[in-house]
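These numbers come from the heavy atoms of this one structure, side chains and all, not from hydrogens, waters or symmetry mates. Residue numbers begin at 1 in each chain, while the letters A, B, ... track the order of the sequences. Keep in mind that this is a model prediction, so the values were computed, not measured.
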Amino acid sequence: MTSTITTSTAGTDPLRSSRALLDIRRLSVSFQTRNGIFPAVSDIDMTLNEGEVLGVVGESGSGKSVTMLAMMGLLPFNATIEAERFAFADHDMLTLPDRARRRLTGNDIAMIFQEPATSLNPSFTIGYQIDETLKVHEGGRRRQRRERAVELLDRVGIPAPRKRLGDYPHQLSGGMNQRVMIAIAIACNPRLLIADEPTTALDVTIQAQILELLLQLQQERGMAMILITHDMGVVAEAAERISVMYAGQLVETGRAGEVFHRPRHPYTGALLDALPERHPGQARLPTIPGVVPGIGDRPTGCLFNPRCRFAREDCRQQRPELLTMGEADDPRATTGHADQHQARCFHPLETDVSADRDTGARS
Amino acid sequence: MTQANAQTSPDNPTTSEIPPAPHPLREVWNDFCENRAALAGLIIIALIIVLALLAGVIAPHTPVEQFREHVLQPPFWQAGGSLSFPLGTDDVGRDVLSRILYGARLSMMIGVIVVTLSLVIGVLLGLIAGYVRGWVDTTIMRLMDIMLSIPSLLLAVVVVAVLGPGLFNAMLAIAIVYLPHYVRLTRGSVITERNRDYVVASRLAGAGPLRLMFVVILPNCLAPLIVQATLSFSNAVLDAAALGFLGLGAQPPTPEWGSMLANARQYVLDAWWVVTFPGLAILITVLAFNIMGDGLRDALDPRLKR
Amino acid sequence: MLNFLFRKLLMIVPTFLGVTIITFALVHMIPGDPVAIMAGERGLSPERHAQMMAQLGLDRPLWQQYLDFLWRLMHGDLGQSLVTHNAILSEFMSRFPATLELSVCALIFAIGLGIPLGVIAGIKRGSIIDHGVMGTALTGYSMPIFWWGLLLIILFSGILGWTPVSGRLSSSFWIDTPTHFMLIDTLLSDAPGAFMDAVRHLILPAVCLGTIPLAVIARMTRSSILEVLGEDYIRTARAKGLAPWRIIAVHALRNAMIPVTTVIGLQIGLLFAGAILTETIFSWPGIGKWLIDSVSRRDYPALQGGILLIATMVMIVNLVVDLLYGLINPRIRHQAE
């Protein structure tokens, strides 16, 4: 579709390729509000190769969605984006003109959102809403596009797809609407699909189906996917790598297995500890006291220190940098930037949870 | 968008101490003052009221005195004008400025009487409809629906036609025409309020229906009524002038703005000032009330607050 | 849809009956009786008076007279004018096209200008354009249109000399009026320049009558657009990579128009009221002027018939607006089915 197909064919080993699909260094987003400038996200690093699945985890207000909206160019006008490097498929997203950027969004990068019920336009049929993406990005004859729309609906598991084309969103259930959103997102075979809490608003029984569908599509089409969630259990099933965010910062990142079995940041540890699977038979799950700090009450030192069980004096004085965690048994630790296990903590956890509690990572 | 809100919402620091909550009226006043346009509207209204009250002192002449040697004299800055008739004179030599100043008295009086009449009767009917429900409610609301299906100025024209032209009948007609708005508004609020816990509590405490209606429920329905009253004040001024213009309102030589225009119509191409100034007075008055009404609505509407 | 229509029609019936009662009652509340008014200054002998009362059925009990009135109404008989002695229905119908033509043009002016202005103000929220449009709209909303019409005449007829002061067509043209719509009739006639002459006559009254609806529509469109632009589906549209104009024109506007249609529907009733003033200023030979003339001539049957017809028309227009509302809002449509 675009001229930059080179990235996927250039390197002999796509995982090791220095030209990743998505390459973000020190991305910061701030909002100009009535009460001053509010930094929503600061110094985020994120790298993603073709066909890779990244899980981004964090509580509400941690800056996950802001980061993704920045990637899509969907931030409101009062937002400012700064970054050392912000590249998608060799396009510099910081300088890319709007028109060229719109050719990427919806086409090479697509996104699905949390609320399927309100994310579809109530005044148009779902057929129209799928067709619109195809028409804008690929053109072609109307009849062909209609067939594509039917195929897409069929692929995302909507029964009698031909009949559904003329339906309006309010005639479908939440799960069905999310399937339509997925159909719209994959319509132009994107290279990167961002799923922002795609299952949060759905019934529990539907959640697993939608997640399963997303993973199937990812495998089948070889697209990269960023899965945003606040549910550790969901990333455990799906992601190859995990980034944990807290109060607009990346606090831990690494390969899924490592982060799961040897979490180094106390926040990651606490999140994992809150998984029901790790406490079979227990009535009450451990919780993290307090809430994510907002603009007015960001603490000095480590942002997590007021809620951290292990906080010491230096944690309250200085803000830690993202540090590579030495893992002697892992040869990758010193090679690739993307695969390093990093944590933003002066006193990383030492415990290895994999030995006794293996139920978390089911992948 | 939603994410941005989620990010900015915690910026009311929960940790800092909360200042003592201001009196609700004080708060409304503060919100109102933040809206500079609304404040300007209020100042203009105050000015009009002062001018209306002091018309006898400020006006250079009486509104009805005819200076036969100064017929259709232009305003002072045009050739042939003089400062003794600053805004010129009309076709029988009356001073336009003096008539406008005395007209302000009439317009304010019209507004006050119309709003009071329709407010009192409308609120009463609305309270009864909303509190009693049943066939009383159905009858009242059906009647209001019927009144609403006839365009308001047209209904006012018919009422005046029945009662006979004149300022008082015009005011009565306009007050009748505005009734449905107050009735609907009051009834709607009463129906939502009457099942609230505080009303049930007062009923259990032995409050009679009259007390429940007027002392318990009514004060909680006031905010939208105040806004409606401000907006219908401006409409009353406008509609009374329209009836005056049609010859159905104030009769000559009453210095009412609308009837001044009716009289000036025939000179529209010869003496622009007799047409322009009375209309400008209507526009400024109506605009000031509308701006203030908009500001009041924003200040009183809790949904729009932070 | 048919079911929906039927239920709405059913709800109109009691309101219509109510209007007939009110108009009937109003005319009977007028002091003096029609026979005395018809006789005028000359007066009648008591015998002749009684005879005429009986002839007109005015000596019977009120409820009988009302039922009689209703019966004739159902047969399209609204009575006779006391002044011209013509059937009121035909008097009304001969003037109605003029009012309709004026109102439609005023509404086209109001919608055609109000929606784009509201959209621009909404998109450029807080800008000078926004403040300018909203300030103008509030002024327009507060405008005494009988004065506004006079100002337009002073400027465009007096100073610039572009437009005529009154009427629908210059007296130099003498054309057939098969449809009674002057714009159509002048096009059908082969008189050169007649159509442009009709347009010049129409333009000031239409602008005058359209000013308040224009202001209301612009304000409503702006607030509606602002609300819609915050919706999730606008974010989805942006995520599809659609061009900004397409997001506004297709995704935002379609939804923003739902409340605006209701407001436009409400304006139509007000247009009839505004027509009274506009037609008086511009000597436009329509319903409004006819009603005011009827009042001053004390032609009460004409007034009664006119009000009844206008109220009926407003009810029908409201019904049509309800149906349109269902057409553009699929959620309502499916509820109704």
Side-chain angles (χ1 to χ4, degrees), chain B residues 1-3 5 37 41 138 142-143 145-165 234-235 237-239 241-248 257-258 261-262 264-265 268-270 272 275-276 278-291 294, chain C residues 12 14-19 21-23 26-27 29-31 135 138-139 141-148 150-151 153-154 157-159 165 229-232 234-235 268-277 280-281 288 291-292 294-296 298 300 303-304 306-307 310-312 314-315 318:
Chain B
M1 287 300 247
T2 45
Q3 190 61 26
N5 290 340
T138 316
R142 275 283 136 203
L143 194 63
D145 280 351
I146 292 163
M147 288 172 73
L148 281 176
S149 69
I150 304 174
S152 65
L153 185 65
L154 204 56
L155 188 57
V157 166
V158 177
V159 175
V160 173
V162 171
L163 300 175
S234 64
N235 280 330
V237 172
L238 207 54
D239 284 352
L243 287 178
F245 179 77
L246 292 172
L248 300 172
W257 293 338
L261 277 175
R265 245 184 83 199
V268 61
L269 294 178
D270 313 313
W272 60 271
V275 175
T276 309
L280 203 58
I282 302 173
L283 176 63
I284 291 171
T285 311
V286 172
L287 191 57
F289 273 96
N290 280 343
I291 293 176
D294 274 8
Chain C
I12 278 189
T15 316
F16 177 76
L17 281 178
V19 172
I21 294 175
I22 288 200
T23 46
L26 280 176
V27 170
M29 277 158 69
I30 292 167
L138 194 61
T139 313
Y141 180 69
S142 310
M143 191 65 87
I145 61 167
F146 43 96
W147 176 64
W148 177 229
L150 295 178
L151 282 194
I153 290 176
I154 291 179
S157 308
I159 299 175
V165 179
L229 284 181
E231 296 283 348
D232 284 350
I234 295 298
R235 186 183 57 189
I268 292 170
L270 295 178
L271 275 178
F272 281 116
I276 297 177
L277 295 165
T280 304
I281 300 165
L291 284 174
I292 292 300
S294 302
V295 171
S296 55
R298 314 230 306 163
Y300 294 115
L303 188 61
Q304 182 184 44
I307 297 292
I310 288 178
T312 311
V314 170
M315 281 187 275
N318 285 344

So how far is it from [X] [atom1] to [Y] [atom2], rounded to the nearest 0.5 Å?
X       : Y       : atom1 : atom2 : answer
I310(C) : S149(B) : CD1   : OG    : 11.5 Å
M143(C) : L238(B) : CE    : CG    : 10.5 Å
Y141(C) : S234(B) : OH    : OG    : 7.0 Å

Problem set entry | Passing option when V295(C) is tested against V157(B), L246(B), V160(B) for side-chain contact (heavy atoms from CB on, under 4.5 Å) | V157(B)

Tell me, out of [options], who's got the most heavy-atom pairs with chain B below 4.5 Å.
options                   : result
G269(C), P14(C), S294(C)  : G269(C)
I268(C), T139(C), L303(C) : T139(C)
T23(C), L151(C), I307(C)  : I307(C)

Exercise. More than 12 non-hydrogen atoms from neighbouring residues, nucleotides or ligands closer than 6.0 Å to CH2 on W272(B), yes or no?
Worked result: yes

Among [options], which residue forms the greatest number of heavy-atom pairs with chain C at distances under 4.5 Å?
options                   : result
L154(B), L155(B), D270(B) : L154(B)
L153(B), I150(B), L287(B) : L287(B)
L269(B), I284(B), V268(B) : V268(B)

So for [X], is it side chain, backbone, both, or neither that comes closer than 4.5 Å to the heavy atoms of chain B?
X       : value
L138(C) : both
I292(C) : side chain
L291(C) : side chain
M315(C) : side chain

Could you tell me whether the side chain of [Y] reaches within less than 4.5 Å of the side chain of [X], counting heavy atoms only?
X       : Y       : answer
I145(C) : F245(B) : no
Y300(C) : V158(B) : no
T280(C) : R265(B) : yes
L270(C) : P151(B) : no
L283(B) : P144(C) : yes

Exercise. Do any N or O atoms from the side chain of W147(C) and from the backbone of V275(B) form a donor-acceptor pair under 3.5 angstrom?
Worked result: yes

Problem set entry | For the student: nearest non-hydrogen atoms of I146(B) and G18(C), plus distance | CD1-CA, 3.3 Å

For this session: Tell me, for L248(B) versus chain C, whether the close heavy atoms (under 4.5 Å) come from the side chain, the backbone, both or neither.
Result: side chain

Seminar exercise, completed: Whatever's closer than 4.5 Å to a heavy atom in chain C on L163(B) counts as neither

Exercise. S142(C) and N290(B): side-chain donor and acceptor closer than 3.5 Å?
Worked result: yes

